[in-house]
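Only a predicted model underlies this, so the values are computations on that prediction, with no experimental measurement involved.
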Amino acid sequence: MEQENLKIEGGGGAPVDVKRRHVILDALRGFALLGICLANYPEFSLYSFLEEFPRQTFSTAAIDTITQWWLFIFVDGKFYTIFSLLFGIGFSIILENNARRGVNGLTIFYRRMFFLLLIGFAHLILIWSGDILMLYAIVGMILPLFLRCKDTTLLIWAFIFLAIPVIIDYICQFCGVKLSAPLHEWQWLLCDRFGITEENFAYWLRDARDYGNMHKFLMMGAVERMQEFVDGQRYFKVLGLFLIGFWLGRNKIFAHLEEFKTVIKKISLWGLVLGLPLSALYAWSSMNAKPFGWGTHSLFYFISVYLTSFGYIGVFCLLYLKRNDWNLWRVLAFPGRMALTNYILQSAIGVFIFYGVGLGMGASVGLIYGEIIALTAFCFEIAFSIIWLRGFRFGPLEWIWRCLTYLRLFPIISRE
């Protein structure tokens with residue numbers, strides 16, 4: 001979640017001075033948080049839950065359709081991909097730096113993943129059922145199995161894991177099998193128990209004026225989230241991206257961008273030249289109920305999302321190499337330095353604005369307004385991060401996570 005360079009203090013690992021962080025990684029992490037906010041807020045606003053007719057009653061219906069196309073082409077899947085790659089880079093830094101300095105890196109790593117699992121579970125059950133942290137923690141625990149793999153082997157495994165969902169989806173399509181069927185049944189059993197129906201599903205969270213009713217939906221939503229992971233084969237995708245990130249971190253690519261400038265240019269060019277038109281094809285499939293079936297839709301995702309994501313990263317790095325004095329990098333780096341806090345904060349803001357326990361605006365605004373609110377929320381996070389990090393060394397959740405990971409109390413007040 002954050003870059004983690006370590007040193008030995010009293011025989012244990014500890015974070016180094018913040019000045020030694022790579023600004024490019026923090027800025028890229030902030031950029032990924034922006035995209036994740038844009039991708040998640042259609043669900044927070046409950047727009048994603050609405051049927052076609054209620055959507056068409058909004059005065060923004062026409063521009064909402066354009067916005068939805070824009071999201072599928074430029075946003076959907078791309079920033080979660082970048083976030084996952086950065087997570088893999090962070091894993092490599094934790095594991096290898098601890099091992100190099102004589103600390104039991106695996107013990108620290110697994111303890112870190114365990115507490116991330118708890119944070120993710122709390123987020124899933126108590127705040128928002130769209131959590132990704134639990135999956136990151138569980139899949140992250142598999143990563144040490146690849147520690148001794150050569151670079152080529154790592155990349156081969158990464159490609160295999162990214163491609164597996166396409167194969168599984170084609171098999172399920174041809175066999176008429178839906179792997180998530182038991183979870184779907186479980187979800188609707190909970191719906192029947194709580195009184196959630198197809199008619200009130202999209203409006204339940206807006207109309208829930210107390211936390212008890214909101215929590216009923218979250219419990220059902222946690223099962224639905226597991227169903228989404230199975231339908232999307234998300235665990236294979238995350239592991240593949242973690243391995244690529246681990247390879248990037250192990251080879252310190254972001255610390256030596258100038259040396260890889262020629263390769264980065266090619267990645268940027270071909271990633272966007274091929275990725276964006278293919279993303280338009282993926283968007284067409286998404287907007288038309290996947291006319292060629294899940295397998296082909298999964299293939300469209302595979303050939304578009306990853307190419308475009310790598311293209312984004314490449315362009316980002318080239319701009320940084322050309323103008324590393326831009327204030328833009330520092331502005332994005334602030335929320336990136338406290339990515340865990342800001343990820344949870346996005347959920348808290350969404351709940352406050354759209355759910356009945358807050359302002360109750362859900363299911364009553366068009367998609368374009370939901371995205372404007374998402375941009376506003378991210379701007380708030382930038383301001384909050386800048387103010388917070390002027391007085392503190394870590395974000396609040398990052399500090400708690402570190403203290404639990406290393407079983408010691410770190411000073412949080414900045415000495416600068």
Participant: Carefully, step by step, assess Phe87 and Phe91 under the rule ring pair (Phe, Tyr, Trp, His ring centres under 6.0 Å).
Facilitator: CA-CA 6 Å; Phe87 218 96; Phe91 288 164; 4.8 Å; yes
Participant: Please check if the distance between the ring centroids of Tyr41 and Tyr47 is under 6.0 Å.
Facilitator: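 Centroid distance Tyr41-Tyr47: not below 6.0 Å, so no.
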Participant: Are any side-chain N or O atoms of Trp284 and backbone N or O atoms of Ser279, one a donor and one an acceptor, separated by less than 3.5 Å?
Facilitator: no
Participant: Is there a side-chain contact (heavy atoms from CB on, under 4.5 Å) between Trp270 and Phe310? Walk through the geometry before answering.
Facilitator: CA-CA 9 Å; Trp270 292 111; Phe310 297 144; over 6 Å; no
Participant: Is a side-chain N or O of Tyr110 found less than 3.5 angstrom from the main chain of Met141, in a donor-acceptor match?
Facilitator: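 Yes.
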Participant: For Arg209, is the CZ atom crowded, meaning more than 12 foreign heavy atoms sit under 6.0 Å from it?
Facilitator: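 Yes, enclosed.
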Participant: Between Tyr343 and Gly130, what is the shortest heavy-atom contact and its length?
Facilitator: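 Heavy atoms only, the tightest pair is OH-O, 3.8 Å.
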Participant: Please lay out, stage by stage, how Phe201 and Phe217 fare under the test ring pair (Phe, Tyr, Trp, His ring centres under 6.0 Å).
Facilitator: CA-CA 9 Å; Phe201 191 94; Phe217 197 95; 5.1 Å; yes
Participant: Show me the donor-acceptor pairs, under 3.5 Å and distance only, between side chains in residues 60-68 and residues at least two apart or in other chains.
Facilitator:
residue : atom : partner : partner atom : Å
Thr60   : OG1  : Asp64   : OD1          : 3.3
Thr60   : OG1  : Asp64   : OD2          : 2.8
Asp64   : OD1  : Leu367  : N            : 3.0
Asp64   : OD1  : Ile368  : N            : 2.9
Asp64   : OD2  : Leu367  : N            : 3.2
Thr65   : OG1  : Ala61   : O            : 3.2
Thr67   : OG1  : Ile63   : O            : 2.7

Participant: Begin from the C-alpha positions of Thr262 and Lys265 and carry the test side-chain contact (heavy atoms from CB on, under 4.5 Å) through to its verdict.
Facilitator: CA-CA 5 Å; Thr262 301; Lys265 284 183 177 179; 5.8 Å; no
Participant: Could you walk me through whether Tyr235 and Val230 satisfy the side-chain contact (heavy atoms from CB on, under 4.5 Å) test, starting with their C-alpha distance in whole Å, then the side-chain angles of each, then the deciding distance to 0.1 Å, before giving a yes or no?
Facilitator: CA-CA 8 Å; Tyr235 27 81; Val230 173; 4.1 Å; yes
Participant: Do the numbers put Arg29 on top of the ring of Phe83, so that NZ or CZ is under 6.0 Å from the six-membered ring centre and no more than 45° off the axis?
Facilitator: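 So Arg29 doesn't make the cation-pi contact.
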Participant: Tabulate below the donor-acceptor pairs under 3.5 Å that side-chain atoms of residues 311-326 make, not counting sequence neighbours, or state none.
Facilitator:
residue : atom : partner : partner atom : Å
Tyr312  : OH   : Phe74   : O            : 2.8
Arg323  : NE   : Asp325  : OD1          : 3.1

Participant: Answer yes or no: is there a donor N or O on one side and an acceptor on the other, between the side chain of Thr308 and the main chain of Val305, under 3.5 Å?
Facilitator: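 Not at all, since once roles are kept as given, no pair shorter than 3.5 Å links the two residues.
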Participant: Taking the six-membered ring of Tyr301, is the NZ or CZ of Lys237 close enough (under 6.0 Å from the centre) and on axis enough (within 45°)?
Facilitator: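 Ring-cation test returns yes.
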Participant: Does Phe121 have more than 12 heavy atoms from other residues, nucleotides or ligands lying within 6.0 Å of its CZ?
Facilitator: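 Not buried by this count: 12 neighbours or fewer within 6.0 Å.
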Participant: Kindly confirm or rule out a cation-pi arrangement of Arg393 over Trp399, judged by NZ or CZ under 6.0 Å from the six-membered ring centre and within 45° of its axis?
Facilitator: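 No, Arg393 does not lie over the aromatic ring of Trp399.
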Participant: Using a 3.5 Å distance criterion without hydrogens, assess whether the side chain of Asp210 forms a donor-acceptor pair with backbone atoms of Asn213.
Facilitator: yes
Participant: Could you grab the distance from atom CG of Leu38 to atom CG of Asp76, nearest 0.5 Å is fine?
Facilitator: 11.5 Å
Participant: Determine the minimum heavy-atom distance between Leu85 and Leu241, stating which atoms define it.
Facilitator: CD2-O, 3.3 Å
Participant: Could you list the donor-acceptor pairs under 3.5 angstrom formed by side chains in residues 144-163, with sequence neighbours left out?
Facilitator:
residue : atom : partner : partner atom : Å
Asp151  : OD1  : Arg250  : NE           : 3.3
Asp151  : OD1  : Arg250  : NH2          : 2.7
Asp151  : OD2  : Asn251  : ND2          : 3.3

Participant: Just wondering, do Leu117 and Leu133 contact through their side chains at under 4.5 Å, heavy atoms?
Facilitator: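 No - every pair of side-chain heavy atoms lies 4.5 Å or more apart.
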Participant: Heavy atoms only: give me the nearest Cys37-Ala374 pair and the separation to one decimal.
Facilitator: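 Residues Cys37 and Ala374, closest heavy atoms: SG-O, 3.4 Å.
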Participant: May I ask you to check if Arg234 and Tyr80 form a cation-pi contact, with NZ or CZ under 6.0 angstrom from the six-membered ring centre and within 45° of the axis?
Facilitator: yes
Participant: Before you tell me yes or no, could you show the steps for Ser385 and Asn342 under side-chain hydrogen bond (donor to acceptor under 3.5 Å, both in side chains), namely the whole-Å CA-CA distance, both residues' side-chain angles and the distance that decides it to 0.1 Å?
Facilitator: CA-CA 8 Å; Ser385 300; Asn342 282 313; 3.1 Å; yes
Participant: Run Thr296 and Lys290 through side-chain hydrogen bond (donor to acceptor under 3.5 Å, both in side chains) and show every step you take.
Facilitator: CA-CA 8 Å; Thr296 302; Lys290 308 169 185 65; over 6 Å; no
Participant: Assess the pair Phe44 and Phe354: is the distance between their ring centroids shorter than 6.0 Å?
Facilitator: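 No, the ring of Phe44 stays outside the 6.0 Å limit from the ring of Phe354, centre to centre.
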Participant: Where is the tightest heavy-atom contact between Gly30 and Phe378, given as atom of each residue plus distance?
Facilitator: O-CZ, 3.4 Å
Participant: Is there side-chain contact between Met287 and Phe72, with at least one heavy-atom pair below 4.5 Å?
Facilitator: yes
Participant: Compute whether any side-chain donor of one residue and acceptor of the other, for Ser129 and Glu224, lie under 3.5 angstrom apart.
Facilitator: no
Participant: Out of curiosity, Leu257 CG to Ile253 CD1, how far, rounded to the nearest 0.5 Å?
Facilitator: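 The CG atom of Leu257 sits 8.5 Å away from the CD1 atom of Ile253.
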Participant: Would you give me the side-chain donor-acceptor pairs under 3.5 Å for residues 181-189, sequence neighbours excluded?
Facilitator:
none

Participant: Considering residues at least two apart in sequence or located in another chain, which fulfil the side-chain hydrogen bond (donor to acceptor under 3.5 Å, both in side chains) criterion with Ser364?
Facilitator: none
Participant: Report the distance from atom CG of Leu340 to atom CZ of Phe394, rounding to the nearest 0.5 Å.
Facilitator: 13.5 Å
Participant: When rounded to the nearest 0.5 angstrom, what distance separates CZ in Phe380 from CG in Leu345?
Facilitator: 6.0 Å
Participant: Tell me, please, which residues at least two apart from Glu381 pass side-chain hydrogen bond (donor to acceptor under 3.5 Å, both in side chains).
Facilitator: Gln346
Participant: Out of curiosity, Ile119 CD1 to Phe114 CZ, how far, rounded to the nearest 0.5 Å?
Facilitator: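 Going from the CD1 atom of Ile119 to the CZ atom of Phe114 covers 11.0 Å.
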Participant: Could you pull out the closest heavy-atom pair between Thr405 and Phe115, with the gap in Å?
Facilitator: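 The answer is N-CD1, 4.3 Å.
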Participant: Looking at Ile125, is its backbone amide N or carbonyl O close enough to the side chain of His215 to form a donor-acceptor pair, meaning the two atoms are under 3.5 Å apart?
Facilitator: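 Yes; at least one donor-acceptor contact below 3.5 Å.
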Participant: With a 4.0 Å cut-off on N to O distance, would you call Arg330 and Asp26 a salt bridge?
Facilitator: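 Judged by the 4.0 Å cut-off on N to carboxylate O distance, Arg330 and Asp26 do not form a salt bridge.
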Participant: If the plane angle is over 60° it's perpendicular, under 30° parallel, otherwise tilted; pick one for Trp388 and Phe392.
Facilitator: parallel
Participant: Are the side chain of Asp131 and the backbone of Met134 linked by a donor-acceptor contact shorter than 3.5 Å?
Facilitator: yes
Participant: In sequence, state the C-alpha distance, the side-chain angles, and the governing distance for Phe242 and Tyr136, and then conclude on ring pair (Phe, Tyr, Trp, His ring centres under 6.0 Å).
Facilitator: CA-CA 9 Å; Phe242 279 2; Tyr136 276 12; 5.2 Å; yes
Participant: Heavy atoms only: give me the nearest Arg111-Leu404 pair and the separation to one decimal.
Facilitator: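 Shortest heavy-atom separation between Arg111 and Leu404 comes out as CD-O, 3.4 Å.
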Participant: Can you measure from OG (Ser84) to CD1 (Ile244) and round to the nearest 0.5 angstrom?
Facilitator: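 If we round to the nearest 0.5 Å, Ser84:OG and Ile244:CD1 are 10.0 Å apart.
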Participant: Within a strict 4.5 Å, meaning less than it, do heavy atoms of the Ile382 and Phe334 side chains meet?
Facilitator: no
Participant: Using modelled atom types only, decide if a donor and an acceptor are shared between the side chain of Tyr211 and the backbone of Leu126 within a distance under 3.5 Å.
Facilitator: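 Answer holds: yes.
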Participant: What's the verdict on side-chain contact (heavy atoms from CB on, under 4.5 Å) for Cys172 and Lys178, showing C-alpha distance, side-chain angles and the deciding distance?
Facilitator: CA-CA 6 Å; Cys172 290; Lys178 191 171 181 63; over 6 Å; no
